[in-house]
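So the structure is just underneath, and the comments pick up after that.
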Amino acid sequence: MTEHLNLSGVSHGYGDRQLLDSISLVITAGEHVAIVGENGAGKSTLLRILAGLEAPDEGTTVIQGRVGYLAQTHGLPESFTVGAAIDASLASLRALEAELDRLEAGLADADDDELETYGRLQTEYQLREGYAAESRVEAALDRLGLGGLDRTRVLGSLSGGEQERVALACVLADPADILLLDEPTNHLDARGTAWLEDRLAAHRGTVVVVSHDRVLLRKVAATVIEVDAERRAVTRYGNGYDGYLREKAAERQRWVQQYHSWIDAMEAEKRQADTVAGTMGYGRKRDGDKMGFDFKAGTWQKAASSQVRNAQERLRRLEASPVDRPPVPLRLNAELAVDPSARSSASQDGAPVLAARGVSVPGRLGATDFQAGAGEKILITGPNGAGKSTLLSVLAGTLEPASGSVKRPERIGYLQQELELPQRPALRLLPAFAAGLGGNIDEHAEALLRLGLFRTSEFHVPVGSLSAGQQRRLALARLLLGGYGTLIVDEPTNHLAPVLVEQLEAALADFAGTVVMVSHDRALREWFAGCARKSREAARGHVAGNLAGNAAGNETGRWIRYSMDNGVLAQA
């Protein structure tokens, strides 16, 4: 197949921060690729290099074919009208039309070269479906929720989300050979996202998309390229997103095996050295041959000393090439899963552990009642601006309602959607993680390392210098190890790499306490629906007396979904 994109020996960074180190990457014509990795790993940078918009510090980039590029922030001048933005996106197609019109006017007197040029350009125009460009634009705007938008509107008069959708419609108006899209679903509703997935899956050319949307990744990507922040490298995985997850699980298993093999080898060499050293000395009884005895004793002593030295040398080599301990899968602190205040609240005739009565916030939240029982898992969904995050802030106690009251446990773990700026930006990461948790700092360092969310080299980075993704992981680490019995989490999957999101879902499913969450993540909502279905099946089995060893059937194990719109909460 034709190589559409080829990076060779590419290194790139900003200041003293290296993102990519001597990477090579080939993406072939027609390949559909997803780029994944931690926030700040360099995914968007890699996409800009692939688009030819940013030159690497070292290495070469080869691009073959027209490129359509969508950034996370569109970059169109806000002084443009909608019509001008669309015309700019169709400029090359308009130029092709003009050239065809010019050649067509002189076809009667055209020579062979002009006829050949006309035929070639007409074929290109047909392949690009130029005759359908206008209807394609209208269809895209309609499917993206902008049907009937006045083309004389200035972009600056539109909301940020509307501007991003206009930019996406422009990219898809004249689909390029190579589509490079950075988080294209950020501002789309369910209808727009479903349409985009179908459009990308059907695209005959190359598609490279950076996204945290796991549903889109499953539907569109046949190949996954992971950007590794630690190694500053890229790794290719085949068999789609699910194949990527399987291979990551296999990689972790190999890592665990290598670690245990290294530990076993270390212990074996230590035992070998200690055993030989403990039997030093020739113990055979003298038989009157003093010279022979001394010779044999000296020979044995030299052999034993050599064995000790060899064992110590092998031990030294093992210590010089350690295998890092693999992180444990994310889980919530089981020992402190339900705090005493939650237990005492739940024990009083089934009273809820978290309850709101008539709480309201003018312009953001109408008078609302809400309650969550011990062990219940509650998901709240709804459009942007519906009041979901406001309700969570009221429940967590970070926002005082204008009316009503809230009953909550003494300790609540709260993960906000938008994290506040650090009050002490110079504070290092490890002390910031340990703040208020008590105990020994070395124990906290060990616990944080085992999560795999940070490396030792990051422990001394000031929290004010952390990226959005690192800030999110720090807040998540404190939530996981805080020993809370009640959790309130707002968009918990934001800024997390896909593998961590899968682990977080498993941790929440195993959590014995109460969870109230808000999420737009379609895959998380599907996961929640699956857990709710299993919970209902377990409950039916419990009522029938067929427990099958499943404790999820009791009343406190319920999974409940609420929807919210215009500040009004209703059970879905």
Side-chain angles (χ1 to χ4, degrees), residues 39 43-45 47-54 66-98 128-200 203 205 207-213 216 363 383-386 389 417-418 468 491 494 520:
N39 271 59
K43 303 186 298 297
S44 295
T45 298
L47 204 66
R48 287 194 297 273
I49 292 173
L50 289 171
L53 299 175
E54 195 162 334
R66 292 187 306 114
V67 172
Y69 172 71
L70 178 74
Q72 284 196 52
T73 52
H74 60 80
L76 295 171
E78 292 198 349
S79 59
F80 266 30
T81 63
V82 173
I86 293 171
D87 288 340
S89 69
L90 296 174
S92 67
L93 200 58
R94 302 280 195 242
L96 185 56
E97 289 175 347
R128 290 171 64 174
E129 298 179 346
Y131 298 106
E134 277 298 329
S135 60
R136 201 160 50 235
V137 170
E138 288 298 332
L141 290 172
D142 178 65
R143 294 302 183 92
L144 296 175
L146 298 173
L149 181 65
D150 186 350
R151 293 200 181 187
T152 64
R153 285 277 299 274
V154 175
L155 290 179
S157 69
L158 304 177
S159 69
E162 288 172 331
Q163 292 182 41
E164 298 297 338
R165 282 177 277 159
V166 168
L168 178 58
C170 288
V171 169
L172 298 177
D174 178 23
D177 303 319
I178 306 168
L179 290 178
L180 305 176
L181 310 176
D182 199 347
E183 298 289 359
T185 63
N186 271 359
H187 301 279
L188 303 185
D189 59 14
R191 178 172 176 261
T193 300
W195 173 81
L196 177 64
E197 288 167 350
D198 292 341
R199 185 69 178 271
L200 296 181
H203 183 60
V207 176
V208 182
V209 58
V210 171
S211 181
H212 287 85
D213 189 326
L216 180 141
N384 287 330
S389 294
Q417 179 179 358
E418 298 296 336
E491 299 293 354
N494 277 7
H520 286 95

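Model, not experiment: these values are computed from the prediction.
- A donor-acceptor contact shorter than 3.5 Å is absent between the side chain of Arg191 and the backbone of Trp195.
- Cys170 SG to Leu141 CG: the interatomic distance, rounded to the nearest 0.5 Å, is 7.5 Å.
- Taking the side-chain contact (heavy atoms from CB on, under 4.5 Å) definition, one finds that Gln72 meets it with Ser44, Asp182, Glu183, Asn186, sequence neighbours left out.
- Although no hydrogens or angles enter the test, the distance criterion places a donor-acceptor pair under 3.5 Å between the side chain of Thr193 and the main chain of Asp189.
- Between the side chain of Arg153 and the main chain of Val82, no donor-acceptor pair closer than 3.5 Å is present.
- The CG atom of Leu47 lies 9.0 Å from the CG atom of Leu70; values are rounded to the nearest 0.5 Å.
- Scanning for side chain to side chain donor-acceptor pair (under 3.5 Å) contacts around Arg128 gives Ser92, Glu124, Asp174, with sequence neighbours left out.
- We find the CD-CD distance between Glu162 and Glu164 to be 11.5 Å, quoted to the nearest 0.5 Å.
- The distance from the CZ atom of Arg66 to the CG atom of Asp177 is 5.5 Å, given to the nearest 0.5 Å.
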Might you work through the side chain to side chain contact (heavy atoms under 4.5 Å, CB included) test for Leu172 and Leu196, ending with a clear yes or no?
-> CA-CA 10 Å; Leu172 298 177; Leu196 177 64; 3.9 Å; yes
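- With contacts defined as side-chain heavy-atom distances shorter than 4.5 Å, the pair Leu181/Val171 qualifies.
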When you look at Arg199 and Arg143, which way does the side chain to side chain contact (heavy atoms under 4.5 Å, CB included) test go after all the steps?
-> CA-CA 11 Å; Arg199 185 69 178 271; Arg143 294 302 183 92; over 6 Å; no
Report the C-alpha separation of Leu179 and His203 in whole Å, then their side-chain angles, then the decisive distance to 0.1 Å, and conclude whether the side chain to side chain contact (heavy atoms under 4.5 Å, CB included) test is met.
-> CA-CA 9 Å; Leu179 290 178; His203 183 60; 3.8 Å; yes
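- Judged by distance alone, the side chains of Asp213 and Ser211 never bring a donor and an acceptor atom under 3.5 Å apart.
- Residue Pro77 comes nearest to Leu155 through the heavy atom pair O-CD1, 3.6 Å, listed as atom of the first residue, atom of the second, then distance.
- The shortest distance between side-chain heavy atoms of Glu78 and Ser157 does not fall below 4.5 Å.
- At least one side-chain heavy atom of Leu158 sits less than 4.5 Å from a side-chain heavy atom of Leu149.
- Across all their heavy atoms, Leu93 and Ala133 have their closest contact at CD2-CB, 3.7 Å.
- Here the closest non-hydrogen pair linking Gly68 and Ala176 is N-CB, 3.3 Å.
- To the nearest 0.5 Å, the span separating OG1 on Thr81 from CD1 on Ile86 amounts to 8.5 Å.
- Taking each heavy atom of Gln163 and Gly156 in turn, the nearest pair found is NE2-CA, 4.2 Å.
- No donor-acceptor pair under 3.5 Å is formed between the side chain of Glu491 and the backbone N or O of Gln417.
- Salt bridge annotation for Glu134-Arg94: present, with a cationic side-chain nitrogen under 4.0 angstrom from a carboxylate oxygen.
- Taken from CG in Leu168 to CG in Leu188, the straight-line distance is 6.0 Å, to the nearest 0.5 Å.
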